[in-house]
Engineer: 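Pasting a structure below so you can have a look.
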Amino acid sequence: MVIGSARTPRLVISLKQRSFTFYYWVHSFNFAAHELFDKSPQRDEIHRFSSFCDINSSFQNSLCSGFVNYDNDQQGNESTISELAKQGHFQEALKSFHSLHDLGIKPTKFTFCTVLNSCSKLLDLCLGLQIHARIIQIGYEDNLFINSALVGLYSKCDMMVDARNVFYRMRNHDQVSWTSIITGFAQNGHGKEALVLFKEMLETSIRPDCFTFTSVISACTQSEAALEEAALLHVHVIKLGFEQNSSVISSLVDCYSKCGKIDRAISVFNSTLEKDTILVNTMIAGYSQNLLGEEALRLFTKMRKDGLCPTDYTFGSVLNACGSLTILQQGRQIHSLLTKTGSDRNVFVASSLIDMYSKCGTIDEARKIFDQTIQRNNVLWTSMITGYAQSGRGEDALELFENLVREGLKPDRICFTAVLTACNHGGFLDKGIEYLNKMKTYFGLVPELDQFACMVDLYGRNGHLRKARELMEEMPFEPNAVIWTSFLGSCRVHREVELGREAAKQLLKLEPNSPAPYVTLANIYADAGMWEEVKEVRKMMKEKGMRKSGGWSWVEIEQKFHVFSVNDTSHPQMQEIYAELYKLYFEMREAGYTHKRKYV
DNA sequence: ATAGGGTTAG
């Protein structure tokens with residue numbers, strides 16, 4: 001017997017739309033069918049049902065064939081299933097389940113749990129749905145363990161409506177079922193829902209454990225008030241004594257890193273005694289996301305010295321660090337290291353390699369990786385397009401984009417940002433306008449701030465400053481500092497004093513401590529021979545205590561401070577450098593500079 | 001005996 005081996009996309013989609021109704025329908029149908037089947041062989045009814053559902057009919061037959069008494073083999077069969085699943089042989093466990101079913105044996109609750117778990121590991125929704133129907137038919141639908149497993153299955157398959165339905169239909173809940181539903185929302189990008197459910201859970205008598213905290217902390221990374229939520233949860237974690245649990249700490253470190261609070265992430269990480277691979281991976285990723293590439297590499301080296309084996313996750317982050325530090329030598333070494341374990345076939349690693357090579361200026365090597373990679377997704381293509389765009393090879397970037405479309409992949413917003421960047425660097429104004437329109441009409445995407453920023457830049461660079469200004473007015477977002485900076489730069493190139501003055505004013509509102517707008521404005525005045533105004537700008541800079549140009553910017557100071565603050569002090573000049581940085585760092589904090597997130 | 005957790009790329 002074959003249960004749901006055919007997983008056609010069409011079936012999955014149609015099941016996705018109405019699965020909950022579907023299995024209740026199966027439920028009532030099966031009881032009706034059961035009777036029919038016993039009295040007269042009205043197989044036609046059953047077959048009609050089967051073809052409607054697109055599911056293998058022999059299963060439907062056996063579903064409706066009623067219960068058979070326990071077999072002597074049952075004990076043996078069922079322990080085989082659980083053994084196989086325990087060892088991670090999920091496919092084999094399911095096969096074994098099939099044969100159990102063929103023998104007409106009614107599985108126990110325990111077996112259903114194991115089998116549902118195997119389905120969720122294999123993402124076999126189709127089989128899972130049929131098993132759910134069978135569970136209802138047998139009358140196990142009130143079992144706590146089975147329901148938790150069902151919640152887990154639907155969550156893994158991104159069917160949160162069904163997961164939630166199962167959850168709320170349960171008569172009673174425990175830690176596991178609450179954690180399952182919270183995890184489901186967290187993992188499918190509904191962090192807000194996960195937090196709401198967590199608060200709901202706190203109102204019951206069931207207490208969260210370290211599994212719950214792990215999930216809910218990872219959920220709050222997606223929240224707007226992430227830092228506040230995380231800090232609150234952190235307090236609970238300490239109070240409840242979970243602060244040495246590796247998973248809890250990993251999600252905390254990740255959350256703090258993504259909020260830009262790298263110092264807090266570091267201190268949490270350092271106070272953990274036993275560090276496993278995932279925790280170290282999280283810290284390395286945190287360093288590289290916060291542009292602390294040297295620290296990321298240092299931890300990577302230490303990890304290998306400590307005997308922890310790097311994984312694909314590790315390589316992704318470490319290559320990212322190499323890219324932002326533009327250290328080709330190290331990048332190549334890591335590349336050859338990961339080739340030995342076959343990690344270069346991983347699409348995440350391949351994207352990082354492409355990114356690293358293009359940032360290091362070896363775009364042809366990046367292309368080699370791209371061509372070698374078999375499993376190509378959207379991100380991989382975008383990495384390569386971005387690489388070409390930033391290397392000034394606009395034509396190649398656009399050609400690649402056309403290939404992407406020809407291959408039937410659907411570009412997303414980030415991909416269009418890459419394409420528009422290519423147009424900017426190549427000076428293709430008309431093409432840029434064309435692609436923006438295509439994005440809206442042909443691909444049904446709504447442009448966001450990043451794409452508008454590209455367009456403002458494109459118009460500005462090509463001297464259409466009025467048009468750029470109009471776009472900034474028309475777009476449904478407030479222009480951010482990036483846009484004003486680009487616009488101000490274009491004003492300088494095209495000697496637009498009035499527009500430049502306004503841009504500088506707006507920019508200073510957004511970034512009152514940045515000297516850059518003053519400098520550019522002074523240059524604009526100087527180009528126009530307006531020496532009085534130049535003097536005035538310089539005076540304003542002096543009054544505000546601006547740092548002279550040529551020194552480090554606040555961002556650089558913050559970066560360097562963190563690099564050195566966690567360094568050892570064995571280097572002879574370290575104390576001196578550290579003292580200087582420390583002074584600058586506090587000066588910066590007093591000036592009101594706060595860290596900005598990477599992708600805002 | 002059976003169910004739940006953390007990390008990666010553009």
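Owing to the predicted nature of the structure, the values given are computational and were not obtained by experimental measurement.
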Engineer: Do the rings of F213(A) and F242(A) sit parallel, tilted or perpendicular, given the 30° and 60° boundaries?
Structural biologist: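 Tilted.
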Engineer: Of the nucleotides dA3(B), dG10(B), dT8(B), which one has an atom closest to the side chain of Y313(A)?
Structural biologist: dT8(B)
Engineer: Describe, in one word, how the ring planes of Y435(A) and F401(A) are oriented to each other, choosing from parallel (under 30°), tilted (30 to 60°) and perpendicular (over 60°).
Structural biologist: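 Plane angle over 60°, so perpendicular.
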Engineer: Check the distance between dA3(B)'s C1' and L116(A)'s CG and give it to me in whole angstrom.
Structural biologist: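 Interatomic distance, CG of L116(A) to C1' of dA3(B): 9 Å.
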Engineer: Starting from C1' on dG10(B), measure out to CZ on R376(A) and report it in whole angstrom.
Structural biologist: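 Between C1' of dG10(B) and CZ of R376(A): 15 Å.
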Engineer: Rounded to the nearest angstrom, tell me the gap between atom CG in L233(A) and atom C1' in dG5(B).
Structural biologist: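 Roughly 14 Å, once rounded to whole Å.
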Engineer: Looking at every strand, decide which applies to D355(A) at a 4.0 Å heavy-atom threshold: base, sugar-phosphate, or nothing.
Structural biologist: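 Sugar-phosphate, no base atom in range.
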Engineer: Using a 4.0 Å heavy-atom cut-off across all strands, classify S351(A) as base, sugar-phosphate, or nothing.
Structural biologist: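 Base contact.
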Engineer: Using whole Å, what does the distance between atom C1' of nucleotide dT8(B) and atom CE of M356(A) come to?
Structural biologist: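 Nearest whole value for this atom pair: 15 Å.
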Engineer: When you measure only distances, ignoring hydrogens and angles, does the side chain of D209(A) come within 3.5 Å of the base of dG5(B) through a donor and an acceptor?
Structural biologist: no
Engineer: Just call it for N147(A): base, sugar-phosphate, or nothing, with non-hydrogen atoms closer than 4.0 Å on any strand.
Structural biologist: nothing
Engineer: Counting the atoms with a prime plus P, OP1 and OP2 as sugar-phosphate, which does Q390(A) contact under 4.0 Å by heavy atoms, base, sugar-phosphate, or nothing?
Structural biologist: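 No contact at all - Q390(A) keeps every heavy atom at 4.0 Å or more from the nucleic acid.
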Engineer: I'd like to know whether CD of Q87(A) has more than 12 heavy-atom contacts from other residues, nucleotides or ligands below 6.0 angstrom.
Structural biologist: yes
Engineer: dT8(B) base stacked by F348(A)? Criteria: ring centres under 5.5 Å, plane angle under 30°.
Structural biologist: yes
Engineer: Does the base of dG4(B) carry an N or O that pairs as donor and acceptor with the side chain of T179(A) under 3.5 Å?
Structural biologist: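 A donor-acceptor contact between them is present.
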Engineer: If you only use heavy atoms from C-beta on, which nucleotide in dG5(B), dT8(B), dG6(B) is closest to the side chain of S250(A)?
Structural biologist: dG6(B)
Engineer: Using a heavy-atom cut-off of 4.0 Å across all strands, would you classify S247(A) as base, sugar-phosphate, or nothing?
Structural biologist: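 Counting heavy atoms under 4.0 Å across all strands, the contact made by S247(A) includes a base.
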Engineer: For dG5(B), does the base pair up with any side-chain atom of S215(A) as donor and acceptor (N or O, under 3.5 Å, distance only)?
Structural biologist: no
Engineer: Rounded to the Å, how far apart are M201(A) CE and dG4(B) P?
Structural biologist: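 Spelled out: CE on M201(A) to P on dG4(B) is 15 Å.
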Engineer: Just compare dG5(B), dA3(B), dA1(B) and give me whichever is closest to any side-chain atom of F211(A).
Structural biologist: dG5(B)
Engineer: Counting the atoms with a prime plus P, OP1 and OP2 as sugar-phosphate, which does S246(A) contact under 4.0 Å by heavy atoms, base, sugar-phosphate, or nothing?
Structural biologist: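 Base contact.
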Engineer: Which is true for N378(A) with a 4.0 Å heavy-atom rule: it touches a base, it touches only sugar-phosphate, or it touches nothing?
Structural biologist: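 Here N378(A) touches the bases of the nucleic acid.
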Engineer: Hey, does the side chain of N281(A) come within less than 4.0 Å of dT8(B)'s phosphate (OP1/OP2), counting only N and O?
Structural biologist: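 No, no such contact exists.
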Engineer: In terms of side-chain heavy atoms of I414(A), which of dG4(B), dG5(B), dG10(B) is nearest?
Structural biologist: dG10(B)
Engineer: For atom CD of E395(A), is the number of surrounding heavy atoms from other residues, nucleotides or ligands below 6.0 Å larger than 12?
Structural biologist: no
Engineer: From CD of Q289(A) over to C1' of dG10(B), roughly how many Å is that when rounded to an integer?
Structural biologist: 14 Å
Engineer: Mark yes or no for a side-chain to base donor-acceptor pair under 3.5 Å between S352(A) and dA9(B), with no hydrogen or angle criteria applied.
Structural biologist: no
Engineer: So, OP1 or OP2 of dA3(B): does either fall under 4.0 Å of a side-chain N or O from N143(A)?
Structural biologist: no
Engineer: Check the pair T204(A) / H173(A) against side chain to side chain contact (heavy atoms under 4.5 Å, CB included), numbers first and verdict last.
Structural biologist: CA-CA 10 Å; T204(A) 69; H173(A) 299 113; over 6 Å; no
Engineer: Output the single nucleotide from dT2(B), dT8(B), dG10(B) whose closest atom is nearest the side chain of C113(A).
Structural biologist: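 Of dT2(B), dT8(B), dG10(B), dT2(B) is nearest to the side chain of C113(A).
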Engineer: In terms of side-chain heavy atoms of V248(A), which of dG4(B), dG5(B), dG6(B) is nearest?
Structural biologist: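 The answer is dG5(B).
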Engineer: So what does D276(A) touch, heavy atoms closer than 4.0 Å: a base, only the sugar-phosphate, or nothing?
Structural biologist: base
Engineer: Counting side-chain heavy atoms from CB outward, which of dG6(B), dT8(B), dT2(B) is closest to K258(A)?
Structural biologist: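 Nearest to the side chain of K258(A) among the choices is dT8(B).
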Engineer: What does K156(A) touch in the nucleic acid at a heavy-atom separation under 4.0 angstrom: a base, only the sugar-phosphate, or nothing?
Structural biologist: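 Sugar-phosphate contact only - K156(A) comes under 4.0 Å of backbone atoms but never of a base.
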Engineer: As a quick check of understanding, evaluate side chain to side chain contact (heavy atoms under 4.5 Å, CB included) for R134(A) and Y140(A), giving each step before the final call.
Structural biologist: CA-CA 9 Å; R134(A) 177 77 168 139; Y140(A) 284 162; over 6 Å; no
Engineer: OP1, OP2 of dG4(B) versus side-chain N and O of Q187(A): anything below 4.0 Å?
Structural biologist: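 So the side chain of Q187(A) is outside the cut-off, no N or O lying under 4.0 Å from OP1 or OP2 of dG4(B).
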Engineer: Nearest to the C415(A) side chain among dT7(B), dG5(B), dG10(B), which nucleotide is it?
Structural biologist: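 Looking only at heavy atoms from C-beta outward on C415(A), the closest nucleotide is dG10(B).
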Engineer: So which nucleotide from dG10(B), dT8(B), dG4(B) ends up closest to the side chain of N320(A)?
Structural biologist: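 So the side chain of N320(A) is nearest to dG10(B).
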Engineer: Please give, in whole Å, the distance from dG10(B) C1' to L353(A) CG?
Structural biologist: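 In whole Å, dG10(B) C1' lies 13 Å from L353(A) CG.
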Engineer: Contact class for S82(A) vs. all strands (heavy atom < 4.0 Å): base, sugar-phosphate, or nothing?
Structural biologist: nothing
Engineer: Between dA3(B) atom C1' and M170(A) atom CE, what is the distance in whole Å?
Structural biologist: 9 Å
Engineer: When you get a sec, tell me which of dG6(B), dA1(B), dT8(B) is the closest nucleotide to the side chain of S218(A)?
Structural biologist: dG6(B)
Engineer: Among side-chain atoms of S215(A) and T183(A), is any donor-acceptor pair under 3.5 angstrom?
Structural biologist: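 Indeed, the side chains of S215(A) and T183(A) share at least one donor-acceptor pair under 3.5 Å.
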Engineer: How far apart are the C-alpha atoms of R413(A) and M439(A), what are their side-chain angles, what is the distance that settles it, and do they pass the side chain to side chain contact (heavy atoms under 4.5 Å, CB included) test?
Structural biologist: CA-CA 8 Å; R413(A) 287 197 194 95; M439(A) 173 183 174; 4.0 Å; yes
